[in-house]
*Asks:* 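If you scroll down you'll find the structure; I have some questions about it.
Any value given below was found using the heavy atoms of this structure, including those in side chains, with hydrogens, waters and symmetry copies removed. Labels below follow one simple rule: chain letters A, B, ... track the order of the sequence lines, proteins then strands, and each chain is numbered from 1.
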2 protein chains.
Amino acid sequence: MSSKALRLGAKSAQQSETSLDLRALQRTPGFMLRLAQLKFFEGFYEEFAALGLTPATYAIFVVIHDNPGVPPSSLASVLRLRLPNLIKILNELESSGFIKRNRSKSDRRAVELMLTPKGAKLIAEGARLTQPYNERMLAPLSEAEQRMLLDLLNRILPL
Amino acid sequence: MSSKALRLGAKSAQQSETSLDLRALQRTPGFMLRLAQLKFFEGFYEEFAALGLTPATYAIFVVIHDNPGVPPSSLASVLRLRLPNLIKILNELESSGFIKRNRSKSDRRAVELMLTPKGAKLIAEGARLTQPYNERMLAPLSEAEQRMLLDLLNRILPL
DNA sequence: TATTGTTATACTCTATAACTATA
DNA sequence: TATAGTTATAGAGTATAACAATA
C-alpha cells in the first residue's frame, strides 16, 4: 500500500501546485474516481477521434451490437442517460446511417434499435482500438491489478 | 474474481434491461468508472445536501484548509477545473463568507486563499460526514479491498 | 388511464477569448 | 512582453415538462 506524501516543506502563504498537500484528496474515493474518469475520457477522445466516436456513442453501439432490438428506454436505463438526451443522440446516429429504428409488431409504441452494416463496421473498427487504449490508460498496473480494479468497480455498482 | 453474466436467455427483438448482455460494458474500465463516479456524486448530494456542499466545493475547501494561501491557479490545476470556472465558485464562496482572498505582498497580482472561521466550521462539519458516506458507497468491499481500490486509482493517476 | 417515444426547453458544467493589473 | 486573476460568453451535458401515438 503506497502512500507517498507529496508535500514535504512547511506550509506557507505562497503555494505552488508542486508543493501542495493533497493527501486528503488522495484518500477521497469520489475525487479520485472523478480524476480517473477525466483521464479515461480525454484518452478516449485522443484514441477514437479519427472514428468520430465519443464515450457515449461507443457505449450505445456496444449495447445495440450485443442486444439487437433493444428499445431506447432500456438503453437509456443501462447507460444512465435520460431518455430525451439519448433520443437526440439516436437521431444523429440514425440520420448518419449507423443505426436504424424498427417499430415493434407486437407493441407499436415500442422501438427496436439495430446497427446498420455501416454501424457494425464502425464498431468493429472501434473494437480494434479498445485494447491498446485500455492498455495505455492502465499502464501503471499489472494485468492482475487491472483485473482487480475492474472487479472492484463491478462489485460496488448495481449493474 | 466474480464475472456474473447478466444475460441468460436467447437474444430476441424484444429486450428489457433485466435481460441485456452488458458483459462488454462491464469489461470497459472507462464506462465502469463513469458509473462509479455517478454513484459517488449522487450519494454525495444526498449525504451533504444539508450543508450545501457539492463535490466541487468540498474539494476546494479541503485543499484550502490543508494549504492556506494557495493561489486560485494552483487550486484549479489540482482540481482539474478551468480557472474561469473556479473563479465563479470562489466568488460565491467569498460572498457567502466561507473564504477570503488576500493579495500577496510580494506579488500584487497573486491571490492567497484562506478559509474564514465560518468556512473552517463548515468543512469540520463536512469531515464528520465523510467516513459514513465513503463507508456507504464502498459497502460491498472489505476494508482491505477499499484500500486496494484507492491505491489502484492513485497509481493510474499523475497526481 | 398508463406507457413509449419524442420535442421543446431550461439548467449546470465546461471551454475559449478578451480584459485588467501587476511584473 | 509575460503572468495572475477576472469577466463575458459560448458550448456540451444533463434535467424536467409536455405532447403524440398506442396500449
*Asks:* Within the sub-3.5 Å range, which N or O atoms of nucleotides 16-21 of chain C have a protein N or O partner, and how far apart are they?
*Replies:*
from, atom 1, to, atom 2, distance (Å)
C/dT16, OP2, B/R82, NH1, 3.1

*Asks:* Output all residues satisfying ring-ring contact (aromatic ring centres under 6.0 Å, His included) with B/F48, sequence neighbours left out; order by chain, then residue number.
*Replies:*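 Checked B/F48 against ring-ring contact (aromatic ring centres under 6.0 Å, His included); matches are B/F44, B/Y58, B/Y133.
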*Asks:* Nearest whole Å is fine: how far is C/dT3 P from A/D107 CG?
*Replies:*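 Value for this atom pair: 12 Å.
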*Asks:* Could you give all pairs that pass the salt bridge (Lys or Arg N to Asp or Glu O under 4.0 Å) test and reach residues 92-101 of chain B, with sequence neighbours left out?
*Replies:*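 Found B/E94-B/R101.
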*Asks:* Which residues satisfy the ring-ring contact (aromatic ring centres under 6.0 Å, His included) test with B/F31, sequence neighbours excluded?
*Replies:*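 B/F31 satisfies ring-ring contact (aromatic ring centres under 6.0 Å, His included) with no other residue.
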*Asks:* Holding to side-chain contact (heavy atoms from CB on, under 4.5 Å), I want the full list of residues that pass it with A/L81, two or more places apart in sequence or in another chain.
*Replies:*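 A/L81 satisfies side-chain contact (heavy atoms from CB on, under 4.5 Å) with A/L79, A/L86, B/R34 once adjacent residues are dropped.
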*Asks:* Heavy atoms of chain B, cut-off under 4.0 Å: which first and last nucleotide of DNA chain D, 5' to 3', fall inside that, if you could look?
*Replies:*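 Both ends considered, the range comes out as D/dA2 to D/dT9.
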*Asks:* In whole angstroms, how far is the P atom of C/dA15 from the CG atom of B/L83?
*Replies:*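 Distance, rounded to whole Å: 13 Å.
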*Asks:* Between residues 88-101 of chain A and DNA chain C, which residues have a heavy-atom gap below 4.0 Å?
*Replies:*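 Output list: A/K88, A/N91, A/R101.
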*Asks:* Under 4.0 Å between a side-chain N/O of A/S73 and OP1 or OP2 of C/dG5, yes or no?
*Replies:*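 Checking A/S73 against C/dG5: at least one side-chain N or O falls below 4.0 Å of OP1 or OP2.
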*Asks:* Which residue pairs pass the salt bridge (Lys or Arg N to Asp or Glu O under 4.0 Å) test when at least one of the two sits in residues 75-86 of chain A, sequence neighbours left out?
*Replies:*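 Pairs touching residues 75-86 of chain A that pass the test: A/R80-B/E42.
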*Asks:* Under the criterion side-chain contact (heavy atoms from CB on, under 4.5 Å), I'd like the reasoning laid out for B/V63 against A/D21: C-alpha separation, chi angles, the key distance, then a yes or no.
*Replies:* CA-CA 7 Å; B/V63 176; A/D21 181 351; over 6 Å; no
*Asks:* Please tell me whether A/F41 and B/F40 are part of a single hydrophobic cluster in this structure, the criterion being side-chain heavy atoms less than 4.5 Å apart.
*Replies:*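 No, it is not one cluster - the side chains of A/F41 and B/F40 are not joined through contacts under 4.5 Å.
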*Asks:* Tell me which of B/K105 and A/E42 sits closer to the 5' end of DNA chain C, going by the nucleotide each one is nearest to.
*Replies:*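 Nearer the 5' end of the strand: A/E42.
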*Asks:* Please state how far atom CG in B/L86 lies from atom P in C/dC13, giving the value in whole angstrom units.
*Replies:*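 Taking atom P of C/dC13 as the reference, CG of B/L86 is at 13 Å.
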*Asks:* Find which nucleotide of DNA chain D each of A/Y45 and A/R103 is nearest to by heavy atoms, and output the residue with the more 5' nucleotide.
*Replies:*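 Going by which nucleotide is closer to the 5' end, it is A/Y45.
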*Asks:* Hey, could you give me each pair passing salt bridge (Lys or Arg N to Asp or Glu O under 4.0 Å) that has a residue in residues 114-134 of chain A? Not counting sequence neighbours.
*Replies:*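 Only A/K121-A/E125 qualify under salt bridge (Lys or Arg N to Asp or Glu O under 4.0 Å).
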*Asks:* How many whole angstroms separate atom CG of A/L38 from atom C1' of C/dT14?
*Replies:*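 So the two atoms are 11 Å apart, to the nearest Å.
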*Asks:* With sequence neighbours excluded, what pairs up with B/S96 under the side-chain contact (heavy atoms from CB on, under 4.5 Å) test?
*Replies:*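 Testing B/S96 for side-chain contact (heavy atoms from CB on, under 4.5 Å), a comparison that skips the adjacent residues, returns B/F98.
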*Asks:* In residues 134-143 of chain B, what donor-acceptor pairs under 3.5 Å come from side-chain atoms, sequence neighbours left out?
*Replies:*
from, atom 1, to, atom 2, distance (Å)
B/N134, ND2, B/T130, O, 3.4
B/R136, NE, B/E47, OE1, 3.3
B/R136, NH1, B/E46, OE1, 3.4
B/R136, NH2, B/G43, O, 3.4
B/R136, NH2, B/E47, OE1, 2.9
B/S142, OG, B/E145, N, 3.1
B/S142, OG, B/E145, OE1, 3.3

*Asks:* With sequence neighbours excluded, what pairs up with B/A24 under the side-chain contact (heavy atoms from CB on, under 4.5 Å) test?
*Replies:*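 B/A24 satisfies side-chain contact (heavy atoms from CB on, under 4.5 Å) with A/V62, A/D66 only.
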